[in-house]
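This report refers to the structure that appears directly beneath it.
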Amino acid sequence: MNMTSILDRFLEPVTQILPPDTARQIVDLRLDAQLQARLDALAEKANQGTLMPEEREEYAEYVEGLDLIAIFKMKARAALRRQAS
């Protein structure tokens, strides 16, 4: 089982009790402009194959964080759908 699947299962009980307003705030989460610009710059360098080792590590940390946020957003959307039913 990969880390995404584990986190998905781990977070399921949390999203079962998520209030609608909180779920909507999670769905609407966005990176701030400075962080997005840094991520875009690292992604461009990664696509060009020019990342330095410390940049590669930084980029990997961003990707892991974004994966976690994506799981939270998926769970929040599911919670909103359940609450609307």
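Predicted model only: the values in this text are computed from it and were never measured.
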Exercise. What pairs with E61 under side chain to side chain contact (heavy atoms under 4.5 Å, CB included), at least two apart in sequence or on another chain?
Worked result: E57
For this session: Check R24 against L80 and note the closest heavy-atom contact, atom names and distance.
Result: NH1-CD2, 3.5 Å
Seminar exercise, completed: Taking every heavy atom of A76 against every heavy atom of A23, the minimum-distance pair comes out as CB-O, 3.5 Å
Exercise. Taking ILVMFWY side chains as joined if any heavy atoms are under 4.5 angstrom apart, and letting links pass through other members, which residues group with L42?
Worked result: L31, L35, L39, L51, Y59, Y62, V63, L66
Exercise. With a 4.5 Å heavy-atom cut-off, do K73 and I69 have their side chains touching?
Worked result: yes
Exercise. Between Q36 and D40, does any side-chain donor sit less than 3.5 Å from a side-chain acceptor?
Worked result: yes
Exercise. Can you find a pair of side-chain heavy atoms, one from V14 and one from K75, that are under 4.5 Å apart?
Worked result: no
For this session: Evaluate the side-chain proximity of I26 to T15: yes if any heavy-atom separation is below 4.5 Å, no if none is.
Result: no
Exercise. Quick one: salt bridge (Lys or Arg N to Asp or Glu O under 4.0 Å) partners of R77, sequence neighbours excluded?
Worked result: none
Exercise. Does a sphere of radius 6.0 Å around CD in E54 hold more than 12 heavy atoms from other residues, nucleotides or ligands, not counting ones at 6.0 Å or beyond?
Worked result: yes
For this session: Indicate if I71 and L18 have the same hydrophobic cluster label, given that clusters are the connected sets of ILVMFWY residues with side-chain heavy-atom separations under 4.5 angstrom.
Result: yes
Problem set entry | Closest non-hydrogen atom pair, E44 against Q48 | OE2-NE2, 2.8 Å
Exercise. Under 3.5 Å, is there a donor-acceptor pair between the side chain of S85 and the main chain of R81?
Worked result: yes
